[in-house]
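Right, one structure below, let's go through it.
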Amino acid sequence: MSISLRTARSVRILGVASASAALALGVAGNAFACNISEFSAVAKCDGEKGVISVTDKDPSGTPATVTVFLGDKLIGTQDVVGSREGVTVDFAEDWAPNTTYRVHVKAGRQVDEDIKSGVTTPDEACTPESTPTPTPTPSASQPEESATPTPSASEPEESATPTPSASESTPGAPASSVPTPAGGSSNLAETGASSNTGVIAGIAAALVVVGGGAVFFGLRRRGASSNS
């Protein structure tokens, strides 16, 4: 049984339409599929702390797992669900300047690869290294401190031998004066006679003469009484 020309034309048109629809759906599907190009990474500073930020701009919202490596060292792993505007996850890392990290993305069966070229850190660290302050060196014009302190002029030096007070008498030294019964003072240090020595000697001689005369007179009277 032969197919009419009209039927053949209708089948042809339907096939073309179906192919066009399939192609359009395929393109649309590819447009909304998750792709590694929709992921990006950057190293930056959060205050004085370093972080590595990974952004997922997948409009299909396919769940993905992001893993960051430094060589063979695992830095961290986080899950992310992207959006057309982009969703960012941060990995805390005290990174060194000019260091390259590897970022791997696993999103279902669509993506399982690294972000191309990874992420390279900036030239300067987040916390600059502090420069130690040099210790000042004393100049030649400044004299070194003496080990033994020099007493100032206002502070008199203490005498090694204490000076005796005026009330303490030195052994062997003569007393200045000794009071006499008459109220005067006699210098005991003098070995000769005082100024009254002559007067005293004269009085003593007179007393001797008077005593001798009295004895003579008494003996004479006794003799005269015996003769009578």
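Model, not experiment: these values are computed from the prediction. Scope of the values below: all heavy atoms of this structure, side chains included, with no hydrogens, waters or symmetry mates.
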Starting at NZ of Lys73, measure out to CD of Glu93 and round the result to the nearest 0.5 Å. 6.0 Å
Hey, is the main chain of Asn35 close enough, under 3.5 Å, to the side chain of Ser37 for a donor-acceptor pair? no
Determine the minimum heavy-atom distance between Thr62 and Ala107, stating which atoms define it. CG2-CB, 4.2 Å
Thr120 versus Ala43, closest heavy-atom pair with distance: O-CB, 4.4 Å
Identified side-chain contact (heavy atoms from CB on, under 4.5 Å) partner of His104 from the options Thr65, Thr77, Val66, Asp112: Asp112
Is the shortest heavy-atom distance from the side chain of Val105 to the side chain of Asp114 under 4.5 Å? no
Separation between CG of Asp46 and SG of Cys126, rounded to the nearest 0.5 Å: 8.5 Å
Are the side chain of Thr121 and the backbone of Thr99 linked by a donor-acceptor contact shorter than 3.5 Å? yes
Please walk me through it: do Thr88 and Ser53 pass side-chain hydrogen bond (donor to acceptor under 3.5 Å, both in side chains)? CA-CA 6 Å; Thr88 301; Ser53 298; over 6 Å; no
Sidechain-backbone polar pair: Trp95 side chain, Lys44 backbone, donor-acceptor under 3.5 Å: yes
Val42 versus Ile52: any side-chain heavy-atom pair under 4.5 Å? no
Would you check if Ile36 and Ile115 make a side-chain contact, meaning some heavy-atom pair closer than 4.5 Å? yes
Output yes when a side-chain donor or acceptor of Gln78 lies under 3.5 Å from a complementary backbone atom of Asp90, and no otherwise. yes
Heavy-atom donor-acceptor pair, Asp56 side chain to Asp58 backbone, under 3.5 Å: yes
For Val68 and Leu74, which heavy atoms make the closest approach, and how far apart are they? O-CD1, 3.7 Å
What distance do Cys34 atom SG and Lys106 atom NZ have between them, rounded to the nearest 0.5 Å? 10.0 Å
Do Val103 and Val119 touch side chain to side chain, with heavy atoms closer than 4.5 Å? yes
Do Leu70 and Val89 belong to the same hydrophobic cluster, where Ile, Leu, Val, Met, Phe, Trp and Tyr are linked whenever their side-chain heavy atoms lie under 4.5 Å apart, directly or via other members? yes
Rounded to the nearest 0.5 Å, what separation is found between the CZ atom of Phe91 and the CD1 atom of Ile75? 10.0 Å
Separation between CD (Glu85) and NZ (Lys57), nearest 0.5 Å, reads 9.5 Å
Going from CG on Asp94 to OG1 on Thr127, what distance comes out if it is rounded to the nearest 0.5 angstrom? 7.0 Å
